[in-house]
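Quick notes on the structure that follows.
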Amino acid sequence: MDKMKKQLGNRCRLLSVVLLLIVALQAYVALGPGFPVSENVNEHILAFQQGLLAGASIALMALVAYHSIALRNEAKLKKMYYQMKDERMAAVRMKSGAPSLMICAICLFAASFAAMYFNTTVSITLIASAIFALLLGVVRKGYYHARLSAADSEE
Amino acid sequence: MKTKIRELRKARKLSQEELALEVGTTRQTITSIEVGKYTASLVLAYKIARYFGLSIEEVFDFSDVEEENNG
């Protein structure tokens with residue numbers, strides 16, 4: 001049980017750090033001096049960036065809250081830990097390559113955020129590539145999930 | 001791979017969720033193992049067999065593996 005709490009606690013802390021960084025970045029861009037913008041950049045793309053960051057912040061807040069609630073309830077903690085360590089889901093993740101596709105998508109999104117200040121076309125292309133990588137990961141994960149899972153059967 | 005997990009579980013009036021919690025996995029994995037869609041790892045197979053107080057060979061049916069070896 002201590003091992004479970006430690007692992008989930010670490011995950012919660014990591015998510016909180018990422019959330020703080022995103023909120024700090026948003027605050028710097030929206031309320032502070034912001035980054036220098038090239039003349040040919042479309043304003044809408046910067047608004048899109050703020051929207052994406054806001055969405056990511058909300059999603060991360062929900063995840064942190066979910067983990068924090070689980071840490072206080074032993075039954076939920078156990079269930080969440082077993083879901084995290086489930087060997088069948090690990091096999092699905094490994095076969096689908098979803099983690100590497102997710103990392104690729106995150107890197108593409110980060111690159112698109114940087115490109116937003118220089119060239120709109122490059123930025124949009126990178127966003128499209130990131131979305132494609134995410135969709136590919138979802139499709140592959142769905143395929144292997146269906147292959148290695150049974151439909152919910154009667155008990 | 002066929003297993004006797006469902007019969008053993010029902011004999012002890014256990015739900016899939018309860019068995020999953022006892023052996024440290026999820027209900028969906030237990031379901032998949034019972035219908036033969038997923039083959040448990042050695043560690044999980046051992047935990048399930050030990051929970052029922054049986055050997056791995058008594059819980060999991062290796063006749064397909066034997067046929068493949070002989071064939």
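Protein chains get the first letters and strands the later ones, always in sequence-line order, with residue 1 at the start of each.
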Derivation and outcome, salt bridge (Lys or Arg N to Asp or Glu O under 4.0 Å), residues B:Arg9 and B:Glu34: CA-CA 10 Å; B:Arg9 189 173 53 76; B:Glu34 282 183 1; 2.7 Å; yes
Selection from A:Glu87, A:Met89, A:Gln83 maximising heavy-atom pairs under 4.5 Å formed with chain B: A:Glu87
Contact leader toward chain A among B:Leu21, B:Thr26, B:Ile33, where contacts are heavy-atom pairs under 4.5 Å: B:Thr26
Residue pairs passing the ring pair (Phe, Tyr, Trp, His ring centres under 6.0 Å) test where at least one lies in residues 84-138 of chain A, sequence neighbours excluded: A:Phe35-A:Tyr117
Side chain, backbone, both or neither of A:Ala90 within contact of chain B (heavy atoms, under 4.5 Å): neither
Close side-chain approach of A:Leu20 to A:Ser16, heavy-atom, < 4.5 Å: no
Counterpart residues, salt bridge (Lys or Arg N to Asp or Glu O under 4.0 Å), relative to A:Lys79 (two or more places apart): B:Glu17
